[in-house]
Structure formats: C-alpha cells, structure tokens
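Structure, as structure tokens:
Computed from a predicted model, the values in this text were never measured in an experiment.
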Amino acid sequence: MTKRILLVEDDVEISQLITSHLTSENYAVRTAYDGEEAAAKFQQEPFDLVLLDLMLPKVSGMEVLKRIRATSTVPVLIISAKGSDLDKALGLGFGADDYISKPFSMIELTARVQAAIRRATQYTQQESAPVAPPTLSFRDLLLDLHTFSATVQGKSVQLTAKEFHILKLFLTHRNRVFTKEQIYQLIWEDDYYGNENVINVHIRRLREKIEEDPSAPQYIRTIWGIGYKMGE
C-alpha cells in the first residue's frame with residue numbers, strides 16, 4: 001500500500017523538488033506551506049510520516065510538532081536549515097524521531113524516510129501481535145511489552161516509541177554497556193554518523209521521565225568514555 005507523507009515546507013521550490021522525488025519513489029505526498037495549514041491537514045487525513053521544517057510562517061514547526069504529538073505517534077522527520085544542537089535537541093525533545101539538516105541529498109532523504117516508516121510499521125505489527133509477551137522490570141520500573149507502556153512506582157509514564165525501545169534494550173541486556181553508536185544502530189536501524197546529539201537528547205528525556213533525580217540517575221547509568229547501561 002502506498003505510504004502517505006505530509007510535507008511541511010514553506011519554500012515552494014524545495015517543496016516541489018521533494019514532492020517530485022518522493023512521488024517518483026511511489027509515495028503519496030500532501031504539502032503544507034505554513035504551520036496552520038499543516039496542523040489542519042494532519043487532523044483531516046491519516047499519514048504514515050511527516051516531513052517538518054522548523055522555520056514556518058503563522059505557526060512554528062515546533063508548535064506543529066507538539067500538536068502532532070498530543071494525539072499521534074506518527075514518525076516525524078525534521079528538515080531544517082537551523083542546524084544548531086539546540087534546535088535539534090528541542091525538536092527531538094518534543095518527540096521528533098530524527099532530523100536532517102539542509103542542504104541534503106534526495107538519496108539521503110529517501111533513506112531516512114524509508115527507515116522511519118519501516119521502524120513505525122514494525123512497531124505497529126509488534127503492538128498488534130496476538131501472543132502476549134512478558135514484562136520487563138528493574139526496581140520500581142516496569143515495562144509492559146504487550147501494551148507498550150511503562151510505569152515507575154506504579155505511576156504511568158508516557159514514552160515515545162524510541163524511548164520505549166531504548167529502555168527495552170537496556171532491560172533485555174541488563175549487564176551490558178551500550179555505546180552511543182550501538183544504541184543508534186540498534187534502535188534507529190541506520191548507519192551512525194556521529195549523531196551523538198540524538199542519543200543524548202533521548203537519554204536525557206528518558207531520565208526526566210523515569211528518574212527520581214535525573215542528575216543522579218539510578219536506572220540509566222552513564223559509563224564514562226563508553227556509553228550507557230541499566231543501573232546496578
């Protein structure tokens with residue numbers, strides 16, 4: 001079935017270029033040229049992925065992202081000329097799945113789109129599997145692999161798909177230390193190009209959600225110079 005993409009880009013030439021290329025790759029692309037139009041179209045139709053620029057008229061790309069995440073876990077790939085670590089961290093912190101900085105090649109864009117949709121499809125298939133898988137736990141943290149939910153001290157914690165799978169990775173391999181490169185390759189299922197910021201943001205957000213004191217984490221421990229592991 002043809003995958004549907006919402007492209008939110010205010011530069012008409014760039015929008016047309018991306019639309020033409022993705023259409024040739026058999027994607028169905030709907031376009032929006034400002035944040036207000038994007039939010040409206042997202043509510044009107046189902047999409048398999050959103051390509052979202054940050055610098056938009058009327059409503060910012062960050063605000064559009066927050067509105068999307070309020071109701072949906074659809075993969076969101078940020079495309080933006082704002083390439084600072086702060087902008088990337090903000091976007092990922094609000095729930096974006098990945099980012100690609102302008103200028104980029106159509107080959108790279110297509111690869112990122114394919115990877116994001118593939119991960120989301122696998123996640124949905126696992127979620128609908130008829131056999132109830134087990135739960136994973138550590139101290140007061142409980143991960144339910146059947147409902148894709150998490151609780152800490154009996155309280156529900158809202159996780160993104162990426163956050164859930166990072167926790168699942170740590171809980172499944174309790175004593176193993178994972179480097180940032182290994183985490184990226186296993187969770188994003190993509191080649192690692194030194195995308196440290198992606199991992200840093202997701203670990204920080206996870207700690208804010210599950211740790212009593214994120215500055216002194218007990219669940220996700222940092223192994224300096226190597227990576228991360230589940231706490232002792």
Side-chain angles (χ1 to χ4, degrees), residues 52 54 62 65-66 68-70 73-78 80 82-101 112 115-116 118-120 122-123 126 135-145 147-153 155-232:
L52 178 65
L54 291 181
M62 213 65 74
L65 176 57
K66 286 195 287 184
I68 289 174
R69 280 292 169 260
T73 58
V74 65
V76 177
L77 175 61
I78 289 179
S80 179
K82 297 181 69 177
S84 72
D85 285 346
L86 176 61
D87 292 318
K88 294 171 184 175
L90 282 172
L92 293 166
F94 280 125
D97 294 88
D98 204 351
Y99 65 84
I100 181 169
S101 298
R112 296 289 187 93
R118 182 181 66 249
R119 290 192 298 266
Q122 291 173 345
Y123 180 84
Q126 291 169 1
T135 57
L136 298 172
S137 63
F138 176 70
R139 296 183 180 174
D140 294 321
L141 171 64
L142 177 67
L143 213 58
D144 190 322
L145 305 187
T147 61
F148 285 86
S149 61
T151 59
V152 178
Q153 297 182 350
K155 297 180 180 179
S156 178
V157 178
Q158 299 299 316
L159 301 177
T160 65
K162 289 290 190 305
E163 292 166 351
F164 182 91
H165 285 294
I166 290 173
L167 269 184
K168 179 183 175 183
L169 178 67
F170 289 154
L171 285 167
T172 304
H173 307 278
R174 187 76 57 82
N175 298 315
R176 179 176 169 181
V177 178
F178 290 92
T179 66
K180 293 178 181 179
E181 180 177 1
Q182 288 171 333
I183 294 171
Y184 191 88
Q185 290 175 337
L186 289 167
I187 302 302
W188 275 259
E189 297 179 353
D190 200 359
D191 292 330
Y192 181 76
Y193 297 104
N195 301 327
E196 275 198 10
N197 192 60
V198 177
I199 305 301
N200 293 341
V201 169
H202 279 79
I203 295 296
R204 175 176 59 80
R205 295 284 294 181
L206 260 176
R207 283 173 169 166
E208 290 173 352
K209 293 180 179 182
I210 68 174
E211 301 282 1
E212 185 173 352
D213 180 5
S215 63
Q218 299 301 308
Y219 291 111
I220 301 177
R221 305 294 294 273
T222 299
I223 308 301
W224 295 106
I226 302 177
Y228 303 98
K229 71 180 294 287
M230 186 56 63
E232 299 293 340

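Here the closest non-hydrogen pair linking Gln158 and Lys209 is O-NZ, 2.9 Å. Of all heavy-atom pairs spanning Leu143 and Ala150, the tightest one is CD1-CB, 3.6 Å. Taking all atoms of both residues into account, the shortest heavy-atom contact from Leu142 to Ser137 is CD1-CB, 3.9 Å. Pairing each heavy atom of Phe138 with each of Arg174, the nearest pair is CD1-NH1, 3.5 Å. The heavy-atom pair separating Tyr219 from Arg139 by the smallest distance is CE2-CB, 3.8 Å. Minimum interatomic distance between Arg207 and Arg221 (heavy atoms only, all atoms of both residues): NH2-C, 3.8 Å.
Atom CD of Gln185 has more than 12 neighbouring heavy atoms from other residues, nucleotides or ligands inside a 6.0 Å radius.
Here the straight-line distance linking atom CG of Asp140 with atom NZ of Lys155 works out to 11.0 Å at 0.5 Å rounding. Atoms CG and CG, on Leu65 and Leu54 in that order, are 8.5 Å from each other to the nearest 0.5 Å. Once rounded to the nearest 0.5 Å, the distance linking CZ of Arg112 with CD1 of Ile78 reads 12.0 Å. In this structure, CG in Leu159 is found 12.0 Å from OG1 in Thr73, a value given to the nearest 0.5 Å. Remark: Tyr184 OH to Ile166 CD1 distance equals 11.5 Å, nearest 0.5 Å. A distance of 4.5 Å separates CG in Leu206 from CG in Leu167, rounded to the nearest 0.5 Å.
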Stepwise side chain to side chain contact (heavy atoms under 4.5 Å, CB included) check, Leu145 with Phe164: CA-CA 9 Å; Leu145 305 187; Phe164 182 91; 3.7 Å; yes

Given side chain to side chain contact (heavy atoms under 4.5 Å, CB included), test Ile220 with Ile210 step by step and report yes or no. CA-CA 9 Å; Ile220 301 177; Ile210 68 174; 4.1 Å; yes

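Side chains of Ile203 and Thr222 form no contact here, defined as non-hydrogen atoms less than 4.5 Å apart. Taking 4.5 Å as the limit, every side-chain heavy atom of Thr151 sits out of range of all side-chain heavy atoms of Asp144. Counting heavy atoms from C-beta outward, Lys180 and Asn200 have side chains that approach closer than 4.5 Å. A 4.5 Å side-chain heavy-atom check between Arg205 and Lys162 finds every atom pair outside the cut-off.
Judged by distance alone, the side chain of Glu212 and the main-chain N or O of Gln218 form no donor-acceptor pair under 3.5 Å.
Ring pair His202/Trp188 is perpendicular by interplanar angle, where above 60° counts as perpendicular and below 30° as parallel. In this structure, Tyr228 and Phe170 have tilted ring planes: the angle between them lies in the 30° to 60° band.
A salt bridge links Asp97 and Arg69; the closest N-O separation between the charged side-chain nitrogens and carboxylate oxygens is under 4.0 Å.
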